Amino acid sequence: MKIEKSVTILNKRARFEYEILEEVEAGLVLTGTEIKSLRSSKASITESFCQFIEGELYIINMSIDEYKLGTYYNHKTKRERKLLLHKRELQKLEKKMKDVGNTIVPLKLYINDRGKAKVLIALGKGKKLFDKRESIKDRENKRALDRILKKS
């Protein structure tokens with residue numbers, strides 16, 4: 001089992017599904033086995049989202065696999081994890097969440113240079129089907145252009 005110093009877990013689906021309006025970095029409340037498993041890159045944020053519960057922001061549906069060397073102290077793989085933000089940031093996000101169609105999604109889960117687990121969350125507005133088609137078209141055009149430039 002290899003433990004890496006810097007771990008970065010991306011949510012590639014979020015930028016495709018949502019138009020990103022604003023990004024905020026938040027800390028995570030984790031238990032001991034969760035952070036050990038996270039340092040082994042055993043996490044997924046593709047299906048997760050953020051929700052306000054009693055004035056606090058929680059990340060829901062984030063999956064952190066069980067730590068192999070953990071005994072009966074091991075954690076649940078999917079549970080609500082509290083996000084750490086300043087009070088003003090929470091109030092600002094909660095105010096913007098009241099708009100129809102806005103949601104908070106995690107973009108990136110990483111361990112910073114001080115060894116703390118952080119998550120980059122974004123306020124996003126759901127894309128329509130034609131917006132997604134446009135994103136695919138732009139991506140395909142960029143790939144074709146890169147191939148042409150690489151050949152010449």
Side-chain angles (χ1 to χ4, degrees), residues 1-129 131-136 138-140 142-143:
M1 183 184 309
K2 185 180 177 188
I3 295 178
E4 300 175 26
K5 183 135 182 151
S6 65
V7 175
T8 304
I9 297 160
L10 298 173
N11 186 358
K12 296 177 184 175
R13 196 87 188 136
R15 292 198 190 272
F16 180 71
E17 295 284 338
Y18 300 97
E19 176 187 343
I20 304 302
L21 304 174
E22 183 180 341
E23 294 181 357
V24 179
E25 182 185 57
L28 273 168
V29 176
L30 299 173
T31 62
T33 55
E34 286 176 329
I35 191 69
K36 287 181 178 189
S37 187
L38 183 66
R39 286 197 173 119
S40 301
S41 297
K42 302 285 186 196
S44 172
I45 57 172
T46 54
E47 301 166 357
S48 60
F49 60 96
C50 299
Q51 186 176 14
F52 281 96
I53 301 172
E54 296 177 8
E56 298 288 339
L57 189 63
Y58 287 86
I59 188 166
I60 308 215
N61 231 6
M62 181 172 82
S63 174
I64 298 179
D65 293 345
E66 287 188 352
Y67 184 57
K68 285 185 179 179
L69 301 176
T71 56
Y72 58 92
Y73 292 113
N74 238 333
H75 62 277
K76 294 180 186 173
T77 57
K78 286 191 177 186
R79 70 173 182 89
E80 299 171 352
R81 293 172 177 88
K82 186 176 174 181
L83 294 176
L84 303 172
L85 289 165
H86 291 284
K87 194 177 215 177
R88 276 179 258 121
E89 291 174 325
L90 282 171
Q91 290 168 347
K92 186 175 158 186
L93 283 173
E94 194 165 18
K95 185 179 175 185
K96 289 185 179 180
M97 278 286 291
K98 296 195 182 200
D99 293 341
V100 177
N102 285 353
T103 187
I104 300 174
V105 291
L107 296 178
K108 183 164 90 169
L109 176 64
Y110 60 96
I111 296 178
N112 68 359
D113 54 347
R114 295 177 61 196
K116 306 287 183 191
K118 300 286 182 179
V119 65
L120 183 68
I121 58 174
L123 181 72
K125 192 170 194 87
K127 283 186 180 178
K128 305 284 187 231
L129 181 62
D131 290 335
K132 291 179 188 179
R133 287 180 184 156
E134 192 172 309
S135 296
I136 293 170
D138 290 342
R139 186 177 60 213
E140 293 297 324
K142 185 180 179 294
R143 284 182 186 167

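The figures here come from the full heavy-atom set of this structure, side chains too, leaving out hydrogens, waters and symmetry mates. From a predicted model like this one, the values you see are computed outputs, not experimental measurements.
- In this structure the side chain of Leu85 reaches within 4.5 angstrom of the side chain of Ile121, judged on heavy atoms.
- Between Asp65 and Ser37 the shortest heavy-atom distance is O-OG, 2.6 Å.
- To the nearest 0.5 Å, atom OG1 of residue Thr103 and atom NZ of residue Lys96 are 14.5 Å apart.
- The salt bridge (charged side-chain N to carboxylate O under 4.0 Å, His left out) check on Glu23 picks up Arg15, with sequence neighbours excluded.
- The residues Lys42 and Glu66 are annotated as not salt-bridged, no charged nitrogen and carboxylate oxygen being separated by less than 4.0 angstrom.
- With a 4.5 Å cut-off on side-chain heavy atoms, Met62 and Ile60 do not count as touching.
- The two residues Phe16 and Ile136 have their closest heavy-atom pair at CE1-CG1, 3.6 Å.
- From Lys36, atom NZ reaches atom CG of Asn74 across 10.5 Å, with rounding to the nearest 0.5 Å.
- In terms of modelled atom types and a separation under 3.5 Å, the side chain of Arg81 and the main chain of Leu28 share no donor-acceptor contact.
- Ile64 and Leu38 make their closest contact through CG2-N, 4.4 Å (heavy atoms, listed as atom of the first residue, atom of the second, distance).
- With 3.5 Å as the limit, one finds a donor-acceptor pair spanning the side chains of Ser135 and Lys127.
- Put simply, the side chain of Ile9 does not reach to within 4.5 Å of the side chain of Lys108, judged on heavy atoms.
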Ignoring hydrogens and angles, write down the donor-acceptor pairs under 3.5 Å from the side chains of residues 46-58, residues two or more places apart or on other chains.
from  : atom 1 : to    : atom 2 : distance (Å)
Thr46 : OG1    : Ser44 : OG     : 3.3
Glu47 : OE1    : Lys78 : NZ     : 3.2
Ser48 : OG     : Ile45 : O      : 2.8

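- Under the 3.5 Å distance criterion, the side-chain polar atoms of Asn11 are left unmatched by any main-chain donor or acceptor of Val105.
- Between the side chain of Glu89 and the backbone N or O of His86 there is at least one donor-acceptor pair closer than 3.5 Å.
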Assess the residue pair His75 and Thr31 against the criterion (side chain to side chain donor-acceptor pair (under 3.5 Å)); give the C-alpha distance rounded to whole Å, side-chain angles, the decisive distance to 0.1 Å, and a yes or no. CA-CA 8 Å; His75 62 277; Thr31 62; 4.6 Å; no

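- At distances below 3.5 Å, not a single donor-acceptor pair connects side-chain atoms of Asn102 with backbone N or O atoms of Lys125.
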For Leu120 and Leu109: C-alpha separation, side-chain torsions, deciding distance, then whether side chain to side chain contact (heavy atoms under 4.5 Å, CB included) applies. CA-CA 6 Å; Leu120 183 68; Leu109 176 64; over 6 Å; no

Verdict with reasoning, Arg39 to Ile111, per side chain to side chain contact (heavy atoms under 4.5 Å, CB included): CA-CA 8 Å; Arg39 286 197 173 119; Ile111 296 178; 3.3 Å; yes

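- Side-chain contact check for Ile104 versus Leu93: some heavy-atom pair is nearer than 4.5 Å.
- A salt bridge between Glu140 and Arg143 is present, with a side-chain N of the basic residue lying under 4.0 Å from a carboxylate O of the acidic one.
- With sequence neighbours excluded, the residues that form a salt bridge (charged side-chain N to carboxylate O under 4.0 Å, His left out) with Arg79 are Glu34.
- Residue Lys76 holds its NZ atom at 12.5 Å from OG1 of Thr33, rounded to the nearest 0.5 Å.
- A 6.0 Å sphere centred on NZ of Lys132 holds more than 12 heavy atoms belonging to other residues, nucleotides or ligands.
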